[in-house]
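What you see below is based on every heavy atom in this structure, not just the backbone, and it leaves out hydrogens, waters and symmetry mates.
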Amino acid sequence: MPALGTLSGGAAGVAGLLRLRRATPSPAVATPFPAAAAARCAAAAAAVVPDGGQLVWGRQLRPALLLPAAGGLLQPPTSPSSSQAGRRQALRPPAAATSGEAKPAGFLEKYPALITGFFFFMWYFLNVIFNILNKKIYNYFPYPYFVSVIHLLVGVVYCLVSWTVGLPKRAPINSTLLKLLFPVALCHALGHVTSNVSFATVAVSFAHTIKALEPFFNAAATQFVLGQQVPLPLWLSLAPVVLGVSMASLTELSFNWTGFINAMISNISFTYRSIYSKKAMTDMDSTNVYAYISIIALIVCIPPAVIIEGPQLLQHGFNDAIAKVGLTKFVSDLFFVGLFYHLYNQVATNTLERVAPLTHAVGNVLKRVFVIGFSIIVFGNRITTQTGIGTCIAIAGVAIYSYIKAKIEEEKRAKSA
């Protein structure tokens, strides 16, 4: 059938798209297909669909449209009338295809910028709510190891429920993948716990100012651990980041060494998480990878929480919190802070998958500005003029660094393409 030869650029494509069912031949058509009848059927198919490319509608061929109502694969007509009926039934495209009318674009296709903007809004909104609720919990329940476990526990439960209903479908895992993901999860757990220790002991705005140094640690690890040359403009763009954080730290009213050191450990941990993530590339989608990392990190975080904070929690920690806010609010706060933690991470991943690296860089910097600004407004943190100037310089340095790095990545991709 020469008309089908151009369907998908080769015999393999035709075989993958065309899977026609052969009905059991009845006694009336048990004889071999005559050559003349085969020629007539081929001519009829060519007359109806002169271009084989029109056979593909949407994403796949609809083989049922190729079958006569009585079943069988283009069986030879037994009479002129049956020949005309078979011709009318064979290879009839939908009305939209014959008229040349395109399917109306949906809302997502018509307004992609609006949808991307909504993702950014949800990312910022969930992140701000998480940081504010997290700090409010620490004001009456200063146990960051236990709260870190709750963050991960709620996220793991969320993932298990999602797998149960098939949204998304759980990706299989084996010992090889576990060995690859374990270092990533270990760094994720350490960075998460130390971040929470910092948030519990210093102001949220100051903790995020210290965490603005993360690009510096990323550049250092890339240069000295991975052995990849970091361009000089990137190093120069990090100077205002270091200067701004130093200025903010010198006059920060909530400064203490516990918060500062843990924030720095968090930066280093998340840097190594990025390094191990590059070495642990898998075929899983990001949602499944994050779910498995959360499960492993939860297992890692439980023993330190039990050892370090367990006795205090059992002795007076839980009782003090319940006495201050009540059991219902205490439990609901822990649940919602864990839910917002998981959702903002998941939405952040979905957002960053929709945009270019440069947009990602700008969005990440703006997110930190939003968190710092809202935390100062909500908690009424007093900051000195030098701290405010230092914070602005640090954020500006991060913005410049992110912009230069994104431009370099885009140039590399353009050259490789």
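Screening residues 221-240 for ring-ring contact (aromatic ring centres under 6.0 Å, His included) gives no qualifying pairs among residues at least two apart or on separate chains. Sequence neighbours left out, not one pair with a member in residues 163-187 passes salt bridge (charged side-chain N to carboxylate O under 4.0 Å, His left out). The salt bridge (charged side-chain N to carboxylate O under 4.0 Å, His left out) pairs that include a residue from residues 307-334 are K329-D333, where partners are two or more places apart or lie in different chains.
Taking T251 as the reference, T384, T387 meet the side chain to side chain donor-acceptor pair (under 3.5 Å) condition, with sequence neighbours excluded. Under the rule for a side-chain contact (heavy atoms from CB on, under 4.5 Å), the partners of A348 that lie at least two apart in sequence or sit in another chain are W123. Here H151 pairs with N134, H192 under the side chain to side chain donor-acceptor pair (under 3.5 Å) rule; sequence neighbours left out. A394 meets the side-chain contact (heavy atoms from CB on, under 4.5 Å) test with V245; sequence neighbours excluded. Applying the side chain to side chain donor-acceptor pair (under 3.5 Å) test to E214 and every residue at least two apart in sequence or in another chain returns nothing. Under the rule for a side-chain contact (heavy atoms from CB on, under 4.5 Å), the partners of V331 that lie at least two apart in sequence or sit in another chain are L327. With sequence neighbours excluded, no residue satisfies ring pair (Phe, Tyr, Trp, His ring centres under 6.0 Å) with F217. Partners of Y401 according to the ring pair (Phe, Tyr, Trp, His ring centres under 6.0 Å) rule, which considers only residues two or more places apart in sequence or in another chain, do not exist here. Qualifying side chain to side chain donor-acceptor pair (under 3.5 Å) partners for S294, counting only residues two or more places apart in sequence or in other chains: none.
Ring orientation note: the planes of Y124 and F370 are tilted relative to one another, at an angle of 30° to 60°.
Side-chain contact of K135 with S375: a donor-acceptor pair under 3.5 Å is absent, judged by distance alone.
Residue S148 is tested with N196, V197, I302 for a side-chain contact (heavy atoms from CB on, under 4.5 Å); the sole match is N196.
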